[in-house]
Amino acid sequence: MNARTTKLREIAKKLLDKQKVDVVIGFKKGTIPLKNTPFFATNSEEADLLLWDGNCIGNLAAYLPKMAGKRAAIVAQGCVSRNVVGLIQEKQVDSNNIYIIGMPCTGMLDPRKIIAAVPGEITEAVEDQLYVTARGKGFEITLNRSDVLNRNCDRCTVRNPVLFDEIASEPKPELKDPVRYEKIRAIEALPPEGRAESIDELLSPCIRCYACRDACPLCYCPECFVDKSSPQWCGKSQDDRDVLSYHLIRAFHTAGRCTECGACEEVCPMGIKIRLISGKVEKDIREIFDGYEAWKDLKTPPPLTVFQRDDPQPFVKE
Amino acid sequence: MEYMRLNKKNLAAFIEELKQKCEVWGPVKEGDQVKFAPVSNVSDVDLEQFKNTTMSPKEIFFPQSEIMLSFKREGEGANIYRDEQSVPSKKAIFGIRPCDARAFRILDMIFKNDQFADNYWLTKRDAVTLVGLGCKEPCSTCFCTSVNSHPFDETGLDVMVTDLGEHYLLRVLTKKGRELLAGSHVLREPSEANIEAYKTVRKNAEDAMTVQFGTDKVNGKTVLELFNEDYWQRISEPCLNCSTCSYVCPTCHCFDIQDEVFREGGQRIRNWESCMSWIFTVHATGHNPRPGKKERVRQRFMHKFKYIPMKRDGEIGCVGCGRCVTMCPVNIDVREVVKQMNS
Amino acid sequence: MKSLLEYAGLEPGRLHFSWISSAEGEKFANFATSVVESVTALGPIKRFAKDEVSVGDRGVEL
Amino acid sequence: MKNPYLPYPVRIEETVIETEDRNIKSFKLAFLKEEDCKAFDYTPGQFAQLSVTGKGEIPIGIASSPTEGDHLLFTVNKMGVVTTALHNLSEGSIMGVRGPLGNSYPFDKMKGKDVTIIGGGYAFTTLRSTIVYMLDGKNRADFGKITLIYGARTPGMLLYKETLEEWSKRDDISYNVTVDRDAPGWTGRVGFVPAVTEQVAPSSENAIAVICGPPIMIKFTLPVMVKLGFTPEQTITSLENRMKCGIGICGRCNVGPEYVCKDGPVFSMAQLKEMPQEY
């Protein structure tokens, strides 16, 4: 068991035993390799099931708005802590009911990359700080952890929580100025037809299961635009224009709010790189608003929610 | 029972023969997904590596979006719905896994009940001959033997193919299957040894799979006993209420019907929908009989493991393909759920 | 939004934004004319416009 | 193969605004084709899917009785997208009807027995159909005493005022129509349905009771029925759930193992006791 898991269980037990919280939201081991399951520990026995490793995908902050007045502790790495800040700023949760167990993070593994690198079905996978070993019938392959990280994690610059009540380990070193947006820039450089083609191809496997929306801590609307019937904003069929509309409108709703946690991509059953769309919005906001990154502290609101006389407006014609 | 033998070297020739009779579909790789599609070149199909398709093949007969009816808005015949059914072309589908074929049989019972028949499903089904591929090496997430099936289940298939290494052994199961294979020049009479080898492969595959759970106690409990269990709360906690499980599932069949309007006319379309979504059951008044994820998650498992068996002579609404196990973003594992239901 | 739509393949020149006060009649007229000219030059829209449902890839057509 | 999803084309012959709030409207429909009319063979308690092109379908109980001739009557409360569109259609418009769908009231069990009909609000539609059917000359002798208890908030919210007027003059039906509060010009009963049921006290001996109304009315009427000696088997109601296909396939209207659209909408309280309360 790794040190962060040991510490996490210790913190969780203490919080539950002293009845400081009703529930600790974390992960427990899943039933298949490379996948943990979100877990809601309510007593110290259950706290012993909590763990932290490279398979804690998704964003736990997405569960907070529906906790209905319960006092909840949440295990939060950099991205999740930013989303908790966001939920507090957007008044979706009461900060008095939230206890943040900070979790310095070294990135989550991308099961697709690991599966692609091995010749058969993986029956067991173990990781340490640097390597991941996947075993199956007739093979055992060790991969560099850094080669099989999620596409969002391998360039993350906020591995350490920005807000916490208690922290489960020393901070992890942060990346400085990673290469970002290569693919988005490549699409931007294409002519309009080329861009249309790239985006259509990107979205062609979409089955509209809305896992991307449902896993996203920004998507807490009680009724999503895509479910509305009067008016109906968006067709419901697999028509590519309707699929595109759904993704574009959702991406637009994340403008200035997305923390690049990557939950949308991690949960996508079809492996769609959704952040090639929402990332475009995130990139624009960063470039237009002076390097802005969402919710790194409790005070700074997202730029699109406030009006400044000198707001940049490159799209407006004089 | 009739058996035939196909040397793997003749697979291309065999598929060409079939193409003379009808369209031939097989598992084709598209990006990092595998799906059933027309086989233009036999090299597109890798039956050796093939485990199963990413999405269930139900989409062949029950596409995610399907145009049902159309209408004009002006002029002669305006506002009268017209049938938009096309006559499907005949096709043979090669490489269907037994679990998925069994699922078709379950869906046959759903789409045709004692009073009504869904012609959109039925006409497409009738036009297809199913050539199954027995599972020599089931995956660790497979659990067909726990839900009254097995890796060589012939339910719903017209021909069953078994990989014997150098050869395929074809077992003819129906008249449709016999007609498909009739007149082939590359099929041979198998030897006794071939048939013995088939039986061994089949037995080994069945032995390799342990029964992971039973469903006997589920049958013994009443609807309300199961419905009122406490465990539904815990099972549903991590659920995101996305529709992944329903959409990848070979037996999930719920759909929505929508009208869409264009300039001069419009269409009535059906789209897959999932009991996981909030909008699935909400009344126009705003009242929702299944308001939370507990109720919705419970519905999905109760439907498959209690309601369908009650209404369809014990047939379980799950075939153990394991897609939801691997694809659920939060790892809600149907096997664990049924174990609790059956405890 | 303009940036996102154009990223998704909308031609530049289809979507225009401007600040115009209710007192700026001439500016409005000039702006409207320039929008019409720019859009007319591009011809009828193909991307995003829908005359029928095409069930596409996921709807396996038989 | 017959397409069960294809609506029959019908013409709106007549529309009637039923209630003072103008939210409930009745539509008298005529089939465009003779053969469709013949195929539409229904029994009171069944419903149909009404289609407005471009808007969709909505399941509505059939308010007419097959004894009334070839036209169909539907009474629609303006609620969502389709019902609003329907309210905006004028007489002469073409629309679609798909059905008849669902089971019906159990006339085989009601034969030879007293029948008590208890209704509230706009859920009176299929009850109208039932009463008209039972009072029809050919059928009246099949049933014992017929008791009607029907309530609405105000006199202006009662449906089918002309039909009610007609029934009130008949001597082969015990007519008990009530409003929640007294109103100017109202000479009938005043009081909530449960209380009126208790006063009228229909006998439960060799009897069947059919109850349709808002959940709150049903909730308070059921204990009265128990007090009067009606067993769950003798007490019948009709459910509503969100529906799409109407033919037991699309999977959304189920209450436990039963589909409201096909196995229902009519259930006895005995059946409902075994089913989860997901309606």
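So you know, we letter chains A, B, ... as the sequences are listed, proteins then strands, and number each from 1. Keep in mind that the numbers below use all heavy atoms, side chains included, and drop hydrogens, waters and symmetry copies. Because the structure is a prediction, the values reported are computed rather than measured.
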Between D/Y5 and chain B, which part of the residue has a heavy atom less than 4.5 Å away: side chain, backbone, both or neither?
both

Using 30° and 60° as the class limits, which term best fits the ring planes of B/F305 and B/F213: parallel, tilted or perpendicular?
perpendicular

Of all of B/V261, B/I80, B/L224, which one pairs up most often with chain D through heavy atoms under 4.5 Å apart?
B/L224

With a 4.5 angstrom heavy-atom cut-off, which part of B/I279 approaches chain D: side chain, backbone, both or neither?
both

Please classify the contact between D/C253 and chain B as side chain, backbone, both or neither, with a heavy-atom cut-off of under 4.5 Å.
neither

Given a strict heavy-atom distance threshold of 4.5 Å, which part of D/I58 is in contact with chain B: side chain, backbone, both, or neither?
neither

Under 4.5 Å from a heavy atom of chain B, the part of D/E278 involved:
both

Atom group of B/F71 that falls short of 4.5 Å from chain D, counting heavy atoms:
side chain

Between B/L122 and chain D, with a heavy-atom cut-off of 4.5 Å, which part of the residue counts as in contact: side chain, backbone, both or neither?
side chain

Taking D/L6, D/N3, D/V255 one by one, which has the highest count of heavy-atom pairs under 4.5 Å against chain B?
D/N3

Let's test your reading of the structure: which of B/M310, B/K306, B/R73, B/Q299 forms the most heavy-atom pairs below 4.5 Å with chain D?
B/Q299

Taking side chain as everything from C-beta outward and backbone as N, CA, C, O, which of these in B/I257 sits under 4.5 Å from a heavy atom of chain D? Side chain, backbone, both or neither.
both

Please identify, among B/E295, B/R290, B/R270, the residue contributing the most non-hydrogen atom pairs under 4.5 Å to chain D.
B/R290

Report which part of D/M243 has an atom under 4.5 Å of a heavy atom belonging to chain B: side chain, backbone, both, or neither.
neither

Sidechain-backbone polar pair: B/K293 side chain, B/E237 backbone, donor-acceptor under 3.5 Å
yes

Backbone N or O of B/T155 within a donor-acceptor pair of the B/R102 side chain at under 3.5 Å?
no

Donor-acceptor pair, side chain of B/R300 and main chain of B/C245, under 3.5 angstrom
yes

In terms of the angle between their ring planes, are D/Y42 and D/F40 parallel, tilted or perpendicular, with boundaries placed at 30° and 60°?
perpendicular

Does atom CG (D/N88) have a neighbourhood of more than 12 heavy atoms from anything else shown, all under 6.0 Å?
yes

Specify which of D/P9, D/S93, D/G80 makes the most heavy-atom pairs with chain B at under 4.5 Å.
D/P9

Can you tell me which portion of B/F227 sits under 4.5 Å from chain D's heavy atoms? Options are side chain, backbone, both or neither.
side chain

Proximal component of B/T222, with respect to chain D [non-hydrogen, under 4.5 Å]:
neither

What option among D/K262, D/K2, D/M95 has the most heavy-atom pairs under 4.5 Å with chain B?
D/K262

Side chain to side chain, B/F104 and B/P57, heavy atoms closer than 4.5 Å
yes

Okay, D/L101 and chain B: the region with an atom under 4.5 Å from a heavy atom over there is side chain

Any sub-3.5 Å donor-acceptor pair from D/Q271's side-chain atoms to D/S268's backbone N or O?
yes

Using the rule side chain to side chain contact (heavy atoms under 4.5 Å, CB included), only one of D/L89, D/V10, D/L32 pairs with D/I94; which is it?
D/L32

In terms of heavy-atom proximity below 4.5 Å to chain B, should D/D263 be classed as side chain, backbone, both, or neither?
side chain

Angle class for the B/F111/B/F255 ring planes (parallel below 30°, perpendicular above 60°, tilted otherwise)?
parallel

Do other residues, nucleotides or ligands put more than 12 heavy atoms under 6.0 Å from the CG atom of B/D313?
no

For B/R268, does its backbone N or O pair with a side-chain atom of B/D259 as donor and acceptor, under 3.5 Å?
no

Chain D heavy atoms under 4.5 Å from B/N113: which part of the residue, side chain, backbone, both or neither?
side chain

Can any side-chain N or O of B/S56 pair as donor or acceptor with the backbone N or O of B/K58 at less than 3.5 Å?
yes

Is chain B contacted by the side chain of D/V52, its backbone, both, or neither, given a heavy-atom distance below 4.5 Å?
backbone

Partner chain B: residue of D/G96, D/G248, D/G256 with the largest heavy-atom pair count (under 4.5 Å):
D/G256

Best-contacting candidate, D/P4, D/C250, D/P7, against chain B by heavy atom pairs under 4.5 angstrom:
D/C250

Side-chain touch D/P257/B/V223, heavy atoms, less than 4.5 angstrom
yes

